[in-house]
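Worksheet: the structure to be examined is printed underneath.
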Amino acid sequence: MRLSRAYIPTLKEVPNDAVVASHILMLRAAMIRPVGAGIYSVLPLGYRVMKKVTEIIREEMDAIGGQEFHLPALNPKEIWEETGRVEAFGDILFQIKNRDYVLAPTHEEIMTYHARRTVQSYKDMPQIWYQIQTKFRNEPRPKSGVLRGRQFLMKDSYSFDSSPEGLDASYELHDKAYRRIFERCGLKFFIVGASSGAMGGSGSEEFMVASEAGEDTVAHCEKCGYAANVEVAASNVTTLPRYEEEKACYDISTPGVKSIDELCEFLKINETECAKSRVYITEKGPVLVLMQGNDEVNETKLEKAVGVAVRPGHPDELKEITGADAGSIGPVGFKGRIIADNLLLDRNMLFSGANKNDYHTGGIDLKRDVNDIEYADLRIVESGESCTKCGAPLGVFKAIELGHIFKLGTKYSESMKALFLDEHGAEKPIIMGSYGIGVERVMACYIEQNHDENGIIWNKLLAPYQIHLIGLNMKKPHLAEAALKLYDQMKRLGFDVLFDDREDAQAGFKFKDADLLGMPVQIIVGEKKLAVGQVEVKIRKTGERMDAELVNLDKEFLNKLLEKADE
RNA sequence: CGGAACGUAGCGCAGCCCGGUAGCGCACUACCUUGGGGUGGUAGGGGUCGCGGGUUCAAAUCCCGCCGUUCCGACCA
């Protein structure tokens, strides 16, 4: 493609509304343009990348026996009512105003609809059906460019099996396919496994990419691969022993002391000697939560431990329940359920609030002074704590969910009556699996992981063009001619070439654009080198430059360059 | 849906507090110049100041309402 004729409107300035790197660069590199909140047009350059990603997905899905469908986005509302998901999705589901249709946010219903009509015997299975199509979700808050949109491209596949073992096999196939897909796309990813998923069901894995732009916070062990959402993640932390010394509880005047930090400073004690109090409200009444020092309460773990939904108490509720404001609340004399983090198990000589303002209590022995105390793991894991599986330090960071595979079971086949006859003639619901990949997220994550201050750095598989040919000073006929000849020659050899043949752009301008667009290899035709039959080659990723003889620019040489650019 | 900010030329912004007929940089058009990391110059084109209402002799500017976009939070099959 000649740049002088291409629609590649790059931006030299950072668009005001973009914050995360991938969003900024996709706009600047003319891959996408916004149309509304969470709605983007994909421009030709972006679409070339999108097609490369979907082609990789297609190849790997076909390799595990997947069969591609093309399904309607417009779904009859009634099949969504069969599964109860009109209600479950709520406002997220786009509904058509002048027909009883919904815009599909996913395709379990449609796929199950087809399965129930035609998959009638165990002999018809296994099946793996997939599609790569646009999904619609009325996100309350679209953000981060293409990472959370109201309309997005998703590969979703569904497996249909007659036995749990069959489902396991289909699931395994997807697991392997997904690993290959993300590896081929050049992403550094990790997997959050079944035990930690909040999805329910009998098994699931989330394929994640570490990124500040992510919406989930995860704990990950580089060494053994353990990964879990921080909502459920555990780490090795040891409970401190009881003190030999025993004291009765005593109140201490602590005027103005609110936080654990202030308390430690005031009393010259260590954080670990403090029991921090947080009051949560549940439908079954208030619960006092005790944490060691400044550990933060993990509300997901708390809800699991108490068995009902919790919310932090309002300031006036705290006062009414405990008689004190936040900062002076403690377990001694607290009337109601008390649950403490495991790190406080049977500890003594602790400091906590006295349930009257400006006073704290010392010498607390949870065993002696607090009746009916319960213990549970309530902490949020922190970076650097050791992995429960292998002991190596855990990293805690934000991450983006790229893909999700999980064993659905019979939820949809039961509600939609997708039944089959087994070997013994018994009627059973089809056992399903559901597997998704966000295509734009793959693109955005790649850019999040592969860019520098100048722009995107594509690898040879995803790059919209493999080679960016720059003709400097195209007003000089002999140079323009040589550049054009090289362009034609490389195209003839089968390479995708973007040729900057603009006459009115300065050298520096072209270099900046080339770095922004990020093709793996740049070939620069300039006067001085051309005079001795050479061009300059630049590897985008490393910035490495070298001279090459024009006559040597054959298929083998160029392929070697592309290999080198990917290292 | 709670909290905050913003909306002025294609993009990035100033002007608003203190009302008086809209400006800067980039981009764009023409010509000259330059030609290996965003050349320099001359001359131009382009804006119902998000929308609606109000106050006023007069509103980008003050007041009210709405819409849109972004950020933080809630939410996230």
Side-chain angles (χ1 to χ4, degrees), chain A residues 9-20 23-24 27-28 30 33-40 80 83-93 102 104-109 135-145 147-150 152 154 156 197-201 204 206 213-217 229 231 299-300 309 311-312 400-401 404 406 408 411-412 434-436 438 441 453-455 470-476 479-480 483 500 502-516 522-531 534-538 543 545 547:
Chain A
T10 56
L11 301 175
K12 308 299 177 189
E13 284 175 290
V14 176
N16 181 307
D17 284 343
V19 176
V20 304
H23 188 196
I24 292 171
L27 288 168
R28 289 195 54 210
R33 272 305 111 97
V35 173
I39 307 173
Y40 291 88
W80 283 79
T83 57
R85 289 173 106 198
V86 172
E87 184 147 313
F89 267 104
D91 198 44
I92 298 287
L93 185 69
V102 299
T106 171
H107 278 79
E108 278 84 3
E109 276 78 0
K135 300 289 188 284
F136 301 86
R137 294 181 192 182
N138 186 23
E139 291 291 344
R141 190 185 158 199
K143 57 181 287 202
S144 306
L147 284 172
R148 176 169 289 274
R150 292 213 166 107
F152 55 94
M154 180 168 163
D156 48 333
M199 287 295 304
S204 78
E206 292 175 33
E215 298 182 300
D216 298 302
T217 306
N229 196 298
E231 286 177 359
E299 293 180 6
T300 305
R311 66 165 173 84
I400 296 167
E401 183 187 341
H404 195 167
F406 77 104
L408 268 184
K411 182 178 168 187
Y412 297 95
S434 164
Y435 319 88
R441 284 188 178 183
E453 65 280 6
N454 295 314
I470 300 173
L472 299 176
N473 200 354
M474 292 292 289
K475 282 180 183 164
K476 301 260 163 127
L479 193 144
D500 194 340
R502 293 174 295 184
E503 284 193 3
D504 51 355
Q506 301 282 304
F509 196 90
K510 292 186 175 187
F511 292 142
K512 289 287 184 190
D513 258 357
D515 286 349
L516 172 62
Q522 297 173 12
I523 295 180
I524 301 147
V525 183
E527 261 187 293
K528 282 178 205 146
K529 303 260 167 66
L530 186 61
Q534 291 183 334
V535 292
E536 183 173 309
V537 172
K538 176 179 159 181
R545 295 147 183 282
D547 295 334

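Straight-line distance from the CD atom of A:Glu215 to the C1' atom of B:rA74: 12 Å, rounded to whole Å. With rounding to whole Å, A:Ile524 atom CD1 is found 18 Å from B:rG35 atom P. When the P atom of B:rG36 is taken as reference, atom CD of A:Gln534 falls 17 Å away, rounded to whole Å. Between the CG atom of A:Asn138 and the C1' atom of B:rC76 there is a distance of 13 Å, rounded to whole Å. Separating the CG atom of A:Leu27 from the P atom of B:rU70 is a distance of 11 Å, rounded to the nearest angstrom. Rounded to a whole Å, the CZ atom of A:Arg311 is 14 Å from the P atom of B:rC75. The CD1 atom of A:Ile470 sits 14 Å away from the C1' atom of B:rG35 (whole-angstrom rounding). Whole-Å rounding puts the A:Lys143 NZ to B:rC75 C1' distance at 11 Å.
For B:rU56 and B:rG20, the C1' atoms lie 12 Å apart once the distance is rounded to whole Å. With both ends at atom C1', the span from B:rA9 to B:rC49 equals 10 Å, rounded to whole Å. B:rC31 and B:rC72: their P atoms are spaced 48 Å apart (whole Å). Atom C1' of B:rG46 sits at a distance of 15 Å from the matching atom of B:rC26, rounded to the whole Å. The separation of B:rC13 from B:rG47, taken at their C1' atoms, amounts to 15 Å, rounded to a whole angstrom. B:rC75 and B:rA5: their P atoms are spaced 24 Å apart (whole Å). Distance check on atom P: B:rG25 versus B:rA14 gives 15 Å, rounded to whole Å. Spacing between B:rU33 and B:rG15 at atom C1', rounded to whole Å, works out to 35 Å.
Under 4.0 Å is where a charged nitrogen must lie from a carboxylate oxygen, and between A:Asp547 and A:Lys528 no such pair does. Ion pairing of A:Asp504 with A:Arg502 is absent here, as no side-chain N (NZ or NE/NH1/NH2) approaches a carboxylate O to less than 4.0 Å.
Residue A:Asn473 places no side-chain atom within donor-acceptor reach of the base of B:rG36, judged by atom type and a 3.5 Å distance cut-off alone. With hydrogens and angles left out, the side chain of A:Lys538 and the base of B:rG37 share a donor-acceptor pair within 3.5 Å. In terms of polar N and O atoms assigned as donor or acceptor, the side chain of A:Arg148 comes within less than 3.5 Å of the base of B:rC76 in a complementary pairing.
Applying the Watson-Crick and G-U wobble criteria (two distances, each under 3.5 Å), B:rC13 pairs with B:rG23. When both distances must be under 3.5 Å, the Watson-Crick or G-U wobble mate of B:rA60 does not exist. For B:rG7, the paired nucleotide is B:rC67, the pair qualifying as Watson-Crick or G-U wobble because both relevant distances are below 3.5 Å.
Looking only at atom types and distance, the side chain of A:Glu108 has no donor-acceptor partner in the side chain of A:Thr83 under 3.5 Å away.
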Identify the pairs formed between an N or O of the protein and an N or O of nucleotides 4-13 of chain B at a distance under 3.5 Å, and give each distance.
unit_1	atom_1	unit_2	atom_2	d
B:rC11	O2	A:Glu13	OE1	3.0
B:rG12	OP1	A:Asn16	N	3.0
B:rC13	OP2	A:Asn16	ND2	2.3

Can you pull every protein N or O that's under 3.5 Å from an N or O on nucleotides 27-34 of chain B?
unit_1	atom_1	unit_2	atom_2	d
B:rU34	O2	A:Gln506	OE1	3.2
B:rU34	O2	A:Gln506	NE2	2.6
B:rU34	O4	A:Lys475	NZ	3.1

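Residue-level contact check: A:Glu139 touches neither bases nor backbone, having no heavy atom under 4.0 Å from any strand. Residue contacts for A:Glu503: at a heavy-atom cut-off of 4.0 Å it reaches a base atom on one of the strands shown.
Summary of the strand contacts: A:Val19 and A:Tyr412 both lie near RNA chain B, and taking for each the nucleotide with the nearest heavy atom, the more 5' one is attributed to A:Val19. When each of A:Lys411 and A:His23 is assigned the nucleotide of RNA chain B bearing its nearest heavy atom, the one mapping closer to the 5' terminus is A:His23.
Side-chain proximity of A:Ala37 to B:rG37, B:rU69, B:rC71: nearest is B:rU69. Side-chain atoms of A:Pro140 lie closest to B:rC75 of the nucleotides B:rC75, B:rG36, B:rC71.
Side chain of A:Arg545 to main chain of A:Val537: no donor-acceptor pair is present (N/O by atom type, distance under 3.5 Å, no hydrogens or angles).
Across all their heavy atoms, A:Gly471 and A:Lys510 have their closest contact at O-NZ, 2.6 Å.
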